Asker: 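Just passing along the structure, written as structure tokens.
Note: hydrogens, waters and symmetry copies are ignored here, and every other heavy atom, side chains too, is used. All of these numbers come straight from a predicted model, not from anything done at the bench. Ligands are counted one by one from 1 in listed order, and the atoms in each one are counted from 1 as well.
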Amino acid sequence: MEKLGIHAFVWTGSSAASDLEAAMEKSHALGYRLIEFPRLDPTKFDIAWLAGRLREFELGVVVTMGLPFDADISSEDAAVVQRGRAMLHDAVAVTRDLGGGKLGGIIFSAHGKYPAPPTRRGWDNSVGVLTGLAETARAAGVTLNLEVVNRFESNVLNTTAQGLAFIRDTGMDNIYLHLDTFHMNIEEADPAQAIRACGDRLGYFHIGESNRGFLGSGTVDFPATFDALVEAGYDDFVTFESFSSEVVDRDLSITCGIWRNTWTDNVAVARHAKSYIEERFAEARRKAVAARTP
Ligand code: MN
């Protein structure tokens with residue numbers, strides 16, 4: 001069936017083995033085929049253990065992250081850029097060691113609200129780090145997926161057009177865009193058109209509602225989204241991302257502004273998302289076939 005993933009923060013903000021185990025167990029039990037781990041701190045868990053449990057649960061894995069401001073590769077400060085470069089190279093190694101094939105998220109800048117637009121030198125620094133990282137990632141069997149996010153979470157890549165320009169500047173063929181319906185709903189002139197424009201540079205996709213809660217409870221145009229994914233021939237993982245004040249990670253919850261309780265029952269929201277995504281994908285495929293049939 002669908003290549004469906006789920007963000008670990010639907011289950012837990014913790015890196016404790018028992019919490020990760022429960023997150024994998026529930027993802028598997030509900031029929032998800034991949035779990036996304038954000039901000040995995042390799043000092044807090046045993047990578048070999050986690051890789052083994054992922055295999056046993058038959059779950060794929062994507063690692064995502066956002067750089068902190070003191071390791072921002074779009075900075076003009078060489079020491080700050082160097083810290084970010086080291087973090088990203090570590091993240092590629094963790095992704096590989098977990099058996100994953102994708103590193104995603106805000107890996108081109110800090111994750112947070114900037115007080116000014118990016119500078120030319122900052123953009124060039126980020127492009128330079130990602131170009132070198134892509135070489136390392138290729139050898140590790142990992143692709144880089146740049147998550148295009150809204151203006152309050154980065155100043156570097158807010159639209160698909162900017163993301164494609166960034167990739168062109170690197171000249172690398174293993175850097176893709178990681179698009180997200182929540183962010184596109186804020187920044188893109190036409191989110192569906194942005195997906196089509198991304199085309200074969202689309203490497204990973206987040207399905208999230210405009211209020212981060214239950215799919216269908218906000219303003220994201222999901223029929224148009226799935227039509228565009230089908231039209232773009234996207235055949236890789238889509239991952240359900242939802243946040244509620246019910247599950248708290250001190251850093252990510254604050255950066256993403258998760259103040260409200262959009263759900264209390266994470267099994268209910270995850271089960272609903274799976275059927276919601278599958279039904280709308282199937283609908284979009286039927287429409288595409290009908291449109292082609294004379
Ligand atoms: Mn996202």
Side-chain angles (χ1 to χ4, degrees), residues 3-13 23 27 32 34-40 60-68 91 95 100 102-113 143-160 162-163 166 175-188 191-192 194-195 198 201-215 217-222 225-226 228-229 234 236-244 247-249 251-258 262-263 266 269-270 273-274 276-277:
K3 291 178 178 169
L4 267 192
I6 187 162
H7 195 283
F9 278 16
V10 172
W11 306 124
T12 180
S27 302
Y32 284 95
L34 174 142
I35 188 164
E36 174 177 330
F37 289 123
R39 305 181 64 91
L40 263 189
V61 63
V62 166
V63 173
T64 53
M65 63 184 292
L67 290 167
T95 305
K102 297 180 199 295
L103 174 66
I106 305 145
I107 55 177
F108 46 84
S109 77
H111 184 195
K113 170 82 164 68
T143 62
L144 304 179
N145 301 271
L146 315 177
E147 185 169 16
V148 178
V149 296
N150 74 79
R151 66 191 66 194
F152 304 110
E153 299 185 44
S154 173
N155 64 353
V156 175
L157 301 182
N158 299 143
T159 68
T160 297
Q162 290 174 318
F166 185 99
I175 305 181
Y176 296 87
L177 295 187
H178 164 183
L179 298 183
D180 179 314
T181 56
F182 167 83
H183 299 292
M184 287 194 294
N185 186 56
I186 296 171
E187 299 293 350
E188 298 288 357
I195 292 168
C198 192
R201 284 292 96 194
L202 182 56
Y204 190 48
F205 199 80
H206 270 170
I207 304 268
E209 188 49 276
S210 58
N211 53 21
R212 298 286 203 183
F214 269 85
L215 299 181
S217 72
T219 63
V220 169
D221 185 347
F222 284 112
T225 299
F226 289 108
L229 287 171
Y234 184 69
D236 211 321
F237 273 93
V238 300
T239 289
F240 173 54
E241 182 178 43
S242 180
F243 300 112
S244 169
V247 174
V248 174
D249 170 81
D251 298 319
L252 195 63
S253 300
I254 291 169
T255 305
C256 294
I258 310 306
T262 53
W263 40 258
N266 51 15
V269 77
K274 181 167 183 289
Y276 188 97
I277 293 167

Asker: About how many Å separate CG of Leu177 and CG of Asn145, when rounded to the nearest 0.5 Å?
Answerer: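 Answer for the CG-CG pair, Asn145 versus Leu177, is 8.5 Å.
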Asker: To make sure I understand the geometry: which N, O or S atom in Asp180 is closest to the Mn ion (ligand 1)?
Answerer: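 Minimum-distance N/O/S atom of Asp180 relative to the Mn ion (ligand 1) is OD2.
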Asker: What N/O/S atom of Glu241 gets nearest to the Mn ion (ligand 1)?
Answerer: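 Looking at Glu241, the N, O or S atom with the least distance to the Mn ion (ligand 1) is OE1.
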Asker: Can you name the side-chain hydrogen bond (donor to acceptor under 3.5 Å, both in side chains) partners of Thr239, sequence neighbours left out?
Answerer: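 Once residues adjacent in sequence are excluded, the partners of Thr239 under the side-chain hydrogen bond (donor to acceptor under 3.5 Å, both in side chains) criterion are Tyr204.
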Asker: Output all residues satisfying side-chain hydrogen bond (donor to acceptor under 3.5 Å, both in side chains) with Asn266, sequence neighbours left out; order by chain, then residue number.
Answerer: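 side-chain hydrogen bond (donor to acceptor under 3.5 Å, both in side chains) check on Asn266 returns nothing, list empty.
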Asker: Which N, O or S atom name in His206 marks its closest approach to the Mn ion (ligand 1)?
Answerer: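 Going by distance to the Mn ion (ligand 1), the closest N, O or S atom in His206 is ND1.
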Asker: Which is the closest N/O/S atom of Glu147 when seen from the Mn ion (ligand 1)?
Answerer: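 Closest N, O or S atom of Glu147 to the Mn ion (ligand 1): OE2.
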Asker: Report yes or no: is the cationic atom of Arg212 (NZ for Lys, CZ for Arg) under 6.0 Å from the centre of the six-membered ring of Phe243, at an angle within 45° of the ring normal?
Answerer: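 No cation-pi geometry.
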